[in-house]
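Heads up: the structure comes next, in structure tokens.
Hydrogens, waters and symmetry mates play no part in the numbers below; they use all other heavy atoms, side chains included. Chain identifiers are assigned alphabetically (A, B, ...) following the order of the sequence lines, protein sequences preceding nucleic acid strands; residue numbering begins at 1 within each chain.
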Protein chains: 2
Amino acid sequence: MNMDNGRKIKDVLYEQVARIGKAVSSPKRLELIELLSQGEKTVDTLSREASISMKLASAHLRELRNAQLVETDRRGKNIFYRLAGKAVSDLWVNIHTLAEERLVELQMALQKIATEPNDLVPSDRETLMKMARRGEVVVLDVRPADEYLMKHLPFARSIPLDELRHRLAELPKDRPIVAYCRGPYCLMAKDAVELLRREGFSSAHLRDGVAEWEAAASR
Amino acid sequence: MNMDNGRKIKDVLYEQVARIGKAVSSPKRLELIELLSQGEKTVDTLSREASISMKLASAHLRELRNAQLVETDRRGKNIFYRLAGKAVSDLWVNIHTLAEERLVELQMALQKIATEPNDLVPSDRETLMKMARRGEVVVLDVRPADEYLMKHLPFARSIPLDELRHRLAELPKDRPIVAYCRGPYCLMAKDAVELLRREGFSSAHLRDGVAEWEAAASR
DNA sequence: GTATCATTCTAGTATTTGTTAGAATATAAA
DNA sequence: TTTATATTCTAACAAATACTAGAATGATAC
């Protein structure tokens, strides 16, 4: 028995696992996963936010469905997609974190979009939360309001990036404002920090999004 | 600024992350990663154990190197490959665990190779370790001896599968013997359990390998 | 019925990938 | 020098993939 080392059965097993790998082997599908890790979204929203046609989005989403990484749910005219579980957004965090650790090209690309160093804000999560709880910093969620509603960091306040300019009066000038958005590849928080600094606020950029925060919280 | 939503920079970022995804999108590369999660190995060993030609193994390993998931090290005539860090074997565990959770086809394939249910052995790690520490069970590593030497479970004893038949006398008949090998897709422990049961031992199969054990330990 | 949201089918194109094979090359041990 | 180990180059083939486009189809809301 198992003279052939169990070749046939092994081939089946690894081929199945590779279905997950194939699903995360495309840049656009990774972007869709990241968007979905903010919460459920329609195909229309996804295609606009990922800058692709709806047909292409549909095709990629079908691949993700084939790999059972997303689920759908029709409500009215729209079909909502969502990740099939926290394990999926954890996988996204795992992969992009590993990529950031190992790929110099990615590190360099990320440096280009980095905001100035932020002496203001402690980099570790617990201290930041402690300060947020005490009101020593303002944690600012600059994503669209619906994403904030679905999930957000503890103590975070929501001002979507495109409303920020007109709502500056809501923010204090005597305390640091820590802006975050969808994660390290999202540029909204960076833009928010630049705007806030120009307007005389002290502001810093938190690279983590909700997915990264929750993935870190569960270990 | 960022009128185009940062499209160009985003495309670069996701493309880089997709290098990791591409690396894990091939069944053979996943198998190589699993083999390497046992410890460093030569190309020759890898190609034999994955049942592919050395040239093909070489090509796949080059892909893994391009994604910076493996490192090499020449010693004498041989070139040894190893995973670039624990994060890589954690990624393997993460992916195959997610696949097992979500893909029915994989679940069914795994059922086919499952040993009979094992009332004998507690399924949670801590209890098993407690019993192993007390000597209430024998944890048996049936992988090749060099893999055992590089890394093994606490309290595990090594008897490679192909020596097991001739070394049965070393094992007790009054206590359960819990066999493990490289992980859930490795058939050696299953074979060992079947042999042991035929020979009158009480034996059970631990699906975890060293990578799964360590990944679980770090959370 | 009409408009909106989404998928599917067909079709085409360009690119990449997995695999095998033969020949050449590089490294180091014996 | 010979041998074992490993990579590279060339070539070739089949298959899969990413993307685009046009047209048709379904489902739902109004």
Side chain to side chain contact (heavy atoms under 4.5 Å, CB included) assessment of His60(B) paired with Leu56(B): CA-CA 6 Å; His60(B) 279 306; Leu56(B) 185 53; 3.8 Å; yes

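- When rounded to the nearest whole Å, the span between CE of Met54(A) and P of dT7(C) equals 7 Å.
- Separation of atoms OH (Tyr14(B)) and CG (Leu30(A)) is listed at 8.5 Å; rounding is to 0.5 Å.
- Remark: P of dT7(C) and CZ of Arg62(A) are 9 Å apart, rounded to the nearest angstrom.
- Nearer the 5' end of DNA chain C, as judged by each residue's closest nucleotide, is the contact made by Ala57(A), out of Ala57(A) and Ser25(B).
- The phosphate of dA18(D) (OP1 or OP2) has a side-chain N or O of Arg29(A) nearer than 4.0 angstrom.
- Separation of atoms CG (Asp44(A)) and NZ (Lys41(A)) is listed at 11.0 Å; rounding is to 0.5 Å.
- We find that OH of Tyr14(B) is positioned 19 Å from C1' of dA18(D), with the value rounded to whole Å.
- Arg182(B) and Glu147(B) get closest at one heavy-atom pair: NH2-OE2, 2.7 Å.
- Note on His60(B): every side-chain N or O is 4.0 Å or more away from OP1 and OP2 of dT17(C).
- To the nearest angstrom, P of dT8(C) lies 11 Å from CG of Leu61(A).
- For the helix from dG1(C)-dC30(D) to dA30(C)-dT1(D), the rotation axes defined at the first and last 5 base pairs enclose an angle of 30°, given to the nearest 10°.
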Where protein sits on nucleotides 22-30 of chain C, one letter per nucleotide: B base, S sugar-phosphate only, - none, heavy atoms under 4.0 Å: BB---BSS-

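- With salt bridges taken as basic N to acidic carboxylate O contacts below 4.0 Å, none links Glu15(B) and Lys8(B).
- Tyr81(B) has a side-chain polar atom (N or O) that falls below the 4.0 Å cut-off from OP1 or OP2 of dT7(D).
- When distances run from any side-chain atom of Lys28(A) to the nucleotides dT20(C), dT8(D), dC19(D), the shortest one goes to dC19(D).
- For Ser58(B) and dT7(D), the shortest distance from a side-chain N or O to OP1 or OP2 is below 4.0 Å.
- Rounding to the nearest 0.5 Å places CZ of Arg82(B) at 7.5 Å from OG1 of Thr72(B).
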Side chain to side chain contact (heavy atoms under 4.5 Å, CB included) assessment of Leu91(A) paired with Val24(A): CA-CA 9 Å; Leu91(A) 177 63; Val24(A) 294; 4.3 Å; yes

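- Contacts between residues 63-72 of chain B and DNA chain D, defined by a heavy-atom separation under 4.0 Å, are absent.
- DNA chain C is contacted by Thr42(A), Val43(A), Asp44(A) of residues 34-46 of chain A, taking any non-hydrogen atom closer than 4.0 Å.
- In this structure, Leu56(A) atom CG and dA6(C) atom C1' are separated by 14 Å, rounded to whole Å.
- Both the sub-6.0 Å distance and the 45° axial angle are satisfied by Arg75(A) relative to the ring of Phe80(A).
- Smallest separation of non-hydrogen atoms from Ala50(A) and Leu32(A): CB-CD2, 4.1 Å.
- For dA6(D), the OP1/OP2 oxygens have a side-chain nitrogen or oxygen of Asn78(B) closer than 4.0 Å.
- Rounded to whole Å, atom C1' of dA27(D) lies 8 Å from atom CD1 of Ile79(A).
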Donor-acceptor pairs under 3.5 angstrom involving side-chain atoms of residues 210-218 of chain A: please list them, not counting sequence neighbours.
from      : atom 1 : to        : atom 2 : distance (Å)
Glu212(A) : OE1    : Gly209(A) : N      : 2.8
Glu212(A) : OE2    : His96(A)  : NE2    : 2.8
Ser218(A) : OG     : Lys86(A)  : NZ     : 3.2
Ser218(A) : OG     : Ala215(A) : O      : 3.0

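- Distance CG/Leu103(B) to CG/Leu98(B): 7.5 Å, rounded to 0.5 Å.
- If you find the closest nucleotide of DNA chain D to Phe80(B) and to Ser26(A), the one lying nearer the 5' end belongs to Phe80(B).
- Once rounded to the nearest 0.5 Å, the distance linking CZ of Phe201(A) with CG of Leu140(A) reads 10.0 Å.
- Going from atom CD1 of Ile52(A) over to atom C1' of dA6(C) covers 14 Å, rounded to whole Å.
- No side-chain N or O of Tyr185(B) forms a donor-acceptor pair with one of Gln16(A) less than 3.5 Å apart.
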Check nucleotides 10-16 of chain C against the protein and report each pair of N or O atoms closer than 3.5 Å, with its distance, or say if there are none.
none

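- Shown here for Ser158(A) and Pro160(A), the closest heavy-atom pair between the two residues is OG-CD, 3.9 Å.
- In this structure, Met129(B) CE and Arg125(B) CZ are separated by 10.0 Å, a value rounded to the nearest 0.5 Å.
- A donor-acceptor pair shorter than 3.5 Å cannot be found between the side chains of Arg197(B) and Ser203(B).
- A donor-acceptor pair shorter than 3.5 Å can be found between the side chains of Tyr180(A) and Asp141(A).
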